[in-house]
Amino acid sequence: MFFELTEEQQAVQQAARDFAQNVLKPGVIERDRDMKYPKNEVQQMKEMGFMGMMVSPEYGGGGMDTLSYVLAMEEISKVDSSCSVIMSVNNSLVCWGLETFGNEEQKQKYLTKLAGGEWIGAFCLSEPEAGSDATSQRTTAVDMGDYYLLNGTKNWITNGGSSQVHLVMAQTDKEKGHRGINCLIVETDWPGVVIGAKEDKLGIRASDTHTIMYNDVKVPKANRIGDDGFGFKFAMKTLNGGRIGIAAQALGIAGGAYELALAYSQERTAFGKPISKHQAISFKLADMATEIEAAKLMVYRAAWLKDQGMDYSTASAMAKLYASEVAMRHTVEAVQVHGGYGFVKEYHVERLMRDAKITQIYEGTSEIQRIVISRNILEGQLYLPIWSEKPAMAV
Ligand code: CAA
């Protein structure tokens, strides 16, 4: 086994770390307080190539591997998860989905703009009455010959108000169940696309989460991704990779809280010595360090499996499940280490604690990850491969 990062991966990690600490950190408390979309910061993320990291250079992307993307997500999430979720949705749901399953015309028309950051994309699966139960889509895409007539409402859409392109899952043939769902590429300035108000959220408050209404939107047939009825599979396969991005976000949030707790515990004294020298605190730090390392191995392994072209659906679900629970548990502990200071905004850990919660919810709740994992185990996947010469399966 070989755990060393390549020079390129180390450079990406360092660039993301510097960007997060120098550019994102100074205004993060105010953006969170005011729910202010990080427009300038996203512009800089575009310029640094963080918006289409894994897309082939042929379509204007960085041509990097999944692990590089994970490293960048982790560093940015240590400071600002509003920025990292904007990045994550564009990279692993929209760009990856389009590059893997879109046709050449769709890639030339949309992916080139999304990978370079000229445009931002959103992934529109969740509905008011179809969150975890994603096959119960109420949004309809009626086949009108050379176009689909799209009607319905989507909920909790990250990048909802700031995107130019939506990938929208909609039911074309109800009789066929999930095999009757299509994924349509919708431009947000088309007639009938209505962007609802921005949600006032517990965490990731600066990110742009909206309800979207589609009222008689005419979507050309050329904008359907894959064959008729492929939309649900498209969403599931794309989310398998998206979950690696959210797992990396959770890992970063946990790491950010741990770094702050460690530094604070070495500065703050009580009963005549730094609180880090009290077992009550040092054991908390030991637990944080141990569980973060375990989560890191799981997240990096999921990324590695994806890069090897092997089956990664179980690995990504496990990584997201575990990393998000670690993030929640240890951000709470980081607040505790800070005592009263942890409860005020200036010390950052309360924000990390609020941001951690969503990683247990979006791109599949922890309960959904357990469904994915248990089904795969029961189908015979007892353990995940540690190393293999031969790719077992593509996407
Ligand atoms: N990978 C590949 N294919 C999958 C899959 C996966 N992880 N999960 C399901 N499928 C396939 C199944 O094989 C099946 O195909 P066949 O019928 O051809 O065999 C098909 O999809 C339907 O699956 P099920 O029969 O298992 O359907 P189900 O209704 O019993 O369960 C579910 C499906 C796994 C619970 C699914 O609904 C699910 O993942 N729900 C969670 C949805 C989710 O993650 N939403 C996140 C919203 S996006 C977001 O949050 C983005 C953002 O803005 C941050």
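Start at 1 and go down the list; that is how both ligands and their atoms are numbered. Predicted model, so just to flag it, every value in this text is computed and none were measured.
Cation-pi geometry between Lys237 and Phe101 is not satisfied (NZ or CZ under 6.0 Å from the ring centre, within 45° of the ring normal).
Ligand 1 has no N or O atom lying under 3.5 Å from any N or O atom of Tyr362, backbone or side chain. Of the N or O atoms in Lys237, none lie within a sub-3.5 Å distance of an N or O in ligand 1.
Of all the atoms in ligand 1, the ones that sit under 4.0 Å from a non-hydrogen atom of Thr135 are 29 (O). Ligand-side atoms of ligand 1 in range of Asn240: 1 (N), 2 (C), 6 (C), 7 (N), range being under 4.0 angstrom from any heavy atom. Interface atoms of ligand 1 facing Ser126, defined by a heavy-atom separation under 4.0 Å, are 47 (C). Proximity to Thr158 (heavy-atom distance under 4.0 Å) selects the following atoms of ligand 1: 52 (C), 53 (O), 54 (C).
The shortest heavy-atom distance from Ser136 to ligand 1 is not under 4.0 Å. Proximity of Leu93 to ligand 1 is established by a heavy-atom distance of less than 4.0 Å.
Between the side chains of Asp307 and Thr66, at least one donor N or O sits under 3.5 Å from an acceptor N or O.
Put simply, OH on Tyr362 and OG1 on Thr158 are 6.5 Å apart, with the number rounded to the nearest 0.5 Å. Here the CG-CE distance, from Asn376 to Met318, works out to 8.5 Å after rounding to the nearest 0.5 Å.
Taking the charged nitrogens against the carboxylate oxygens, Glu333 and Lys284 do have a contact shorter than 4.0 Å, which makes a salt bridge.
Checked by atom type and distance alone, the side chain of Arg205 pairs as donor or acceptor with a backbone atom of Lys201 at under 3.5 Å.
If you check each of Gly131, Gly241, Ser207, Ala130 against atom 42 (C) of ligand 1, the one with the closest non-hydrogen atom is Gly131.
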